> 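I'd like to ask you about the structure that follows.
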Amino acid sequence: MIRFKDVSKTYDGKEGPVKAIKDVNLTIPDGKIYGIVGYSGAGKSTLIRMINGLETPTTGSVTVNGQEISQLKGEALREARLKIGMIFQHFDLLWSRTVQENVKFPLEISKKGNKAERQQKAEELIKLVGLQGKENAYPSELSGGQKQRVGIARALANDPKILLSDEATSALDPKTTDEVLDLLVDINRRLGLTIVVITHEMHVIRKICDHVAVLDAGTIVEEGPVLDVFKHPQQAITKRFVNQETSTGSADDTQVVVKQLLESHPDGVIVKLTFHGDQAKLPIVSEMLRQFPETNMSIIEGNIHQTQEGSIGSLYIQLTVDNDNQDQIKGALDYLKTMRVETEVINREQ
Ligand SMILES: Nc1ncnc2c1ncn2[C@@H]1O[C@H](COP(=O)(O)OP(=O)(O)OP(=O)(O)O)[C@@H](O)[C@H]1O
């Protein structure tokens with residue numbers, strides 16, 4: 001378990017103190033994939049680097065695997081760090097060493113096993129991350145996704161209990177990102193280790209995390225199971241992150257369509273419906289139209305995504321009535337609520 005208790009971190013900046021982390025309390029259970037999402041400068045790197053003691057809190061404590069990491073020194077700190085692997089956005093590989101030599105490097109540093117054992121461990125890890133055949137390649141001969149696989153194998157060399165991922169897919173294209181994310185889930189399931197992911201991309205959170213915390217200006221403003229946060233985002237910043245992922249068109253495209261629809265149907269109501277789990281399979285919308293037959297519906301956009309806890313979909317629709325019978329629209333919206341579909345009226349012409 002990783003526990004942040006009343007943690008604050010203030011840097012001595014050139015223009016005075018910078019409060020990077022403010023009074024954070026957070027518990028990360030063993031074996032989970034825990035995501036911390038925030039915009040640039042929110043304090044994500046500072047927070048994750050406190051887990052392996054690369055940063056120390058100004059006040060408060062960070063406890064990892066039962067030990068207060070900031071109190072450890074010398075050999076005890078080195079030992080604790082062996083149990084915490086880390087992967088980085090720019091891979092941080094040794095460019096003059098082959099894949100195999102990169103993976104063996106942490107074992108040489110920790111003086112674990114003899115030469116043959118280190119060789120065997122490296123081979124196992126290279127297989128685990130799907131890089132057989134590339135053992136003797138140099139990093140410059142690998143694609144971005146392959147480089148990150150080397151980074152992952154190297155981070156696992158000392159059998160850590162925790163893997164920290166610092167924007168590990170931010171430099172990769174979408175397809176390679178998904179392949180590396182699938183590998184992280186596979187490793188989490190097979191080895192049972194805890195993974196802490198920091199990212200500015202809600203896609204990463206949605207795809208692999210069990211739990212998410214939203215960091216804004218050094219403060220955790222919201223946290224919870226990923227599906228709950230996607231279903232009921234509370235804070236404006238969380239809604240922005242969730243929309244980043246649940247809107248297929250760009251936000252600008254959606255706005256243009258909304259404006260055009262409202263101009264042609266000034267009485268229209270634009271509603272975002274959020275479905276989750278089995279609701280996506282029920283004929284809820286057709287039943288709504290059957291019960292409120294004077295209502296017309298236009299679909300603006302829709303999508304469905306998988307999370308680790310089940311599916312979540314959103315549908316942007318416009319509801320209009322020909323005869324100004326607003327009760328029909330109200331009834332339709334009430335019906336959706338009784339079916340426990342999240343509804344959000346996103347634009348209503350006054
Ligand atoms: N060594 C330092 N000295 C002074 N200020 C720092 C230092 N490191 C970080 N900061 C400041 O602390 C705040 C949080 O930085 P941090 O790098 O943790 O954020 P982040 O969310 O990881 O951002 P990014 O995604 O851009 O890396 C920022 O205002 C940053 O300028």
Side-chain angles (χ1 to χ4, degrees), residues 2-28 33-64 69-70 77 81 84-93 144 147-148 151 155 162-174 176-177 180-181 184 194-209 211-224 226 229 233 235-245:
I2 302 167
R3 185 146 183 252
F4 286 77
K5 189 162 185 303
D6 303 329
V7 171
S8 295
K9 172 77 185 180
T10 304
Y11 291 109
D12 290 328
K14 283 201 187 94
E15 285 149 31
V18 180
K19 285 193 160 190
I21 295 294
K22 298 170 201 160
D23 212 16
V24 162
N25 286 286
L26 206 61
T27 301
I28 302 179
I33 306 186
Y34 197 104
I36 298 167
V37 67
Y39 291 114
S40 183
K44 304 182 297 296
S45 298
T46 304
L47 200 63
I48 203 169
R49 287 161 63 87
M50 284 197 249
I51 297 174
N52 60 1
L54 290 175
E55 296 286 356
T56 49
T58 310
T59 56
S61 64
V62 181
T63 314
V64 179
I69 200 93
S70 56
L77 181 59
R81 278 192 180 145
I84 308 171
M86 190 161 185
I87 53 175
F88 306 90
Q89 179 173 2
H90 297 297
F91 324 119
D92 289 23
L93 302 178
K147 285 182 197 134
Q148 195 54 286
I162 296 169
L163 178 65
L164 306 179
S165 168
D166 186 348
E167 297 277 10
T169 54
S170 296
L172 305 177
D173 63 54
T176 313
T177 291
V180 169
L181 294 176
L184 290 177
T194 310
I195 302 184
V196 183
V197 172
I198 61 167
T199 182
H200 64 281
E201 292 171 310
M202 208 55 178
H203 175 74
V204 173
I205 303 287
R206 193 266 298 162
K207 200 160 157 47
I208 66 168
C209 295
H211 212 92
V212 59
V214 182
L215 189 65
D216 184 23
T219 306
I220 304 282
V221 292
E222 189 161 350
E223 59 132 354
V226 167
V229 170
Q235 305 294 327
I237 183 173
T238 316
K239 287 182 184 167
R240 275 210 298 283
F241 274 119
V242 168
N243 280 338
Q244 189 190 77
E245 180 58 0

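What's counted below: heavy atoms across the whole structure, side chains too, no hydrogens, waters or symmetry copies. What you see is a predicted model, and the numbers here were worked out from it, not measured in a lab. Atoms within each ligand, like the ligands themselves, are counted from 1 in listed order.
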> Under a 3.5 Å distance rule, please check whether Arg81 uses its side chain to pair with a backbone N or O of Asn52 as donor and acceptor.
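A pair under 3.5 Å: yes.
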
> At a 4.0 angstrom heavy-atom cut-off, what protein residues surround ligand 1?
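These residues qualify: Tyr11, Val18, Ala20, Tyr39, Ser40, Gly41, Ala42, Gly43, Lys44, Ser45, Thr46.
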
> Taking Asn25 for the side chain and Asp6 for the main chain, is one N or O donor matched with an acceptor at less than 3.5 Å?
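Checked: pair present.
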
> Of the non-hydrogen atoms in Ile21 and Gly43, which two are nearest, and what is the gap between them?
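What the structure gives for the nearest pair is CD1-O, 3.4 Å.
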
> Rounded at 0.5 Å granularity, tell me how far CG in Asp23 sits from NZ in Lys9.
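Taking CG in Asp23 and NZ in Lys9, the distance rounds to 15.5 Å.
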
> Return yes if some donor-acceptor pair links the side-chain N/O of Glu222 with the main-chain N/O of Val229 below 3.5 Å, else return no.
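Checking the backbone N and O of Val229 against the side chain of Glu222, no donor-acceptor pair under 3.5 Å is found.
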
> Give a yes or no on whether the backbone of Ser165 and the side-chain of Gln89 come within a donor-acceptor separation of less than 3.5 Å.
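No: the side chain of Gln89 does not pair with the backbone of Ser165.
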
